[in-house]
Amino acid sequence: MPTLCDDSAALTARLDQARHDYAALKAQKLSLDLTRGKPSPAQLDMAGGLLDLPAHQYRAADGTDCRNYGPPGKGLRELREIFAPVLRVPVEQLVAVGNSSLELMHDCLVHLLLGRGPEGERRWADRKVAFLAPVPGYDRHFALCERFGIEMLPVPMTPDGPDMTAVEDLVRSDPRVKGIWCVPKYSNPDGTCYSEETVRRLAAMETAAPDFRVFWDNAYAVHHLTDEEVEVADILAACAEAGHPDRAFVFGSTSKITMAGAGVAFFGSSPANVDWWLSYAGKRTIGPDKLNQLRHARFLGDTDGLRAHMRRHREILRPKFDTVLRVFARELDGSGLATWSHPKGGYFITLNVLQGCAREVVRLAKEAGIAVTPAGATHPYRDDPQDSVIRIGPTYPETAELERIAQGVAVCVRLAGYGKLVDQSRTRQGVG
Ligand code: PMP
């Protein structure tokens, strides 16, 4: 962060200005929401063609009548072929199933807790289990761990992915550590893309637990915001090369491609892990919604069609991200009160405010009618020890609304930040 202004008269003047701006903000009686990363109605409209599949088109390429049960297996091949290259999973090792990747992560945990692992390991429920949680991270990953009593050990994120030295130390020394959450591309919330070196080290590292698993949640595989369409190294190939072919579970979905909650999810892994998955999944459901899979395959056409569709998403999303970044730059650059990420893809901007200010910023915003994701949500147990990380989800609101939201958040950052600095300056001077 830039140097803080420590001239106390100047600080007090800035605090007064922030108080004035905050009063004006409250007077607008806003009611705005940027809590969750949801696609906007305009993005959903772009997938409207999904709902127009003619009633007589119900046969998959292999002749399967998608209106009926069966055959058991991995889901429609034509859909898996579209997603295999972007998820970097060979088509034979990719399963299309369900409508939510989170559901598949949940189920993997349940199967590992209650059943034998892919290599016949003992069930996890009989022992203490811990997961590494790179921070900042995705709150719903953390909620799954809490749900199942899996202890979370935070590891810091770096610009290349999780701090691999910390990760390697923990997995080498502690057999309770059975897994790590990874959002490898345009991560939620800080937009990080894992470097090749990070992927290689995750695949190769020695783990005290023989059944260690990388939960590779590739939720933003095709969600680019710039011309630079970032590629992340192939985790399944890296694991196989390193002699740990069964280490990674890959997840993805069309939630932020077609319709959130009405899409298709994917699970990919080694051939042994896919067999393991299917043996349990076949008990849970007779089969996936093949009509929806067929609709998706027809609508997207092929992998190029998927990429073209995502470029149209980008046309909607890029101005929204630009608006927030432009307003933050205008309102906060040089203040020393905040830094923020400049993601090349994904759904979020991370705003880092002065230590001890995030909760206060979120509280002030709420009081002014702007709902922001609760501070702490980006950390296990909702505990951000620095109280400094705020997740901004600019995808849903209209661009004009975002201008007001970002400006409002910036006012709250200034009020909380200058308030803190004035307090600190008074304490230093023995005042108050
Ligand atoms: N993983 C990440 C990293 C996400 O950001 C999200 C959506 N917020 C999900 C998974 C949820 O995806 P799905 O709708 O497929 O369950």
Side-chain angles (χ1 to χ4, degrees), residues 33-40 43-44 47 50 75 79 83 86-87 89 94-110 131-145 147 152 157 161-162 179-194 214-225 230 232 235 248-268 288-289 292-293 296 306 310 313 317 321 341 343-350 372-374 377-380 389 391-396:
D33 188 339
L34 82 162
T35 46
R36 295 228 70 97
K38 289 201 298 190
S40 62
Q43 289 170 272
L44 302 174
L50 266 184
L79 184 65
F83 280 86
V86 297
L87 292 172
V89 178
L94 187 63
V95 183
V97 58
N99 71 322
S100 153
S101 58
L102 194 69
E103 172 184 59
L104 306 187
M105 295 173 227
H106 171 281
D107 286 1
C108 277
L109 288 176
V110 169
F131 258 53
L132 302 186
V135 289
Y138 178 39
D139 54 350
R140 293 190 195 273
H141 289 162
F142 305 153
L144 283 179
C145 281
R147 158 77 182 88
M152 285 173 274
M157 284 292 276
I180 181 170
W181 293 111
C182 295
V183 183
K185 199 190 279 191
Y186 309 134
S187 73
N188 177 350
D190 57 7
T192 303
C193 297
Y194 286 26
V214 173
F215 277 58
W216 193 255
D217 178 1
N218 208 350
Y220 300 105
V222 284
H223 303 60
H224 313 287
L225 286 169
V230 175
V232 170
I235 186 72
F249 290 159
V250 176
F251 303 95
S253 80
T254 66
S255 288
K256 288 160 184 183
I257 295 173
T258 54
M259 295 187 185
V264 181
F266 299 92
F267 169 79
D289 177 350
N292 198 29
Q293 298 195 2
H296 276 75
L306 164 63
M310 293 314 288
H313 275 252
L317 293 180
F321 278 76
S341 59
K344 292 181 179 163
Y347 260 52
F348 300 101
I349 293 170
T350 300
V372 181
T373 309
T378 51
H379 286 63
V389 179
R391 187 181 81 166
I392 306 284
T395 57
Y396 190 85

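Predicted model, so just to flag it, every value in this text is computed and none were measured. Numbering of residues begins at 1 and proceeds along the displayed sequence. Ligands are counted one by one from 1 in listed order, and the atoms in each one are counted from 1 as well. Quick note: numbers below take in every heavy atom, side chains included, and nothing from hydrogens, waters or symmetry partners.
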Within the 4.0 Å heavy-atom sphere of ligand 1, strictly under, residues: Ser100, Ser101, Leu102, Tyr138, Val183, Asn188, Asp217, Ala219, Tyr220, Ser253, Ser255, Lys256
Under the rule for side-chain contact (heavy atoms from CB on, under 4.5 Å), what residues qualify as partners of Arg147, not counting sequence neighbours? none
Taking only residues two or more places apart in sequence, or in another chain, which ones meet Tyr138 in a ring pair (Phe, Tyr, Trp, His ring centres under 6.0 Å)? His141
Does the side chain of Tyr396 reach to within under 4.5 Å of the side chain of Asp33, using non-hydrogen atoms? no
I'd like to know if the side chain of Gln293 and the backbone of Gly75 have a donor-acceptor N/O pair within less than 3.5 Å. no
With sequence neighbours excluded, tell me which residues meet side-chain contact (heavy atoms from CB on, under 4.5 Å) with His224. Lys185, Tyr186, Glu229
I'd like to know if the side chain of His106 reaches the main chain of Leu102, judged simply by a donor and an acceptor atom lying under 3.5 Å from each other, with no hydrogens or angles considered. no
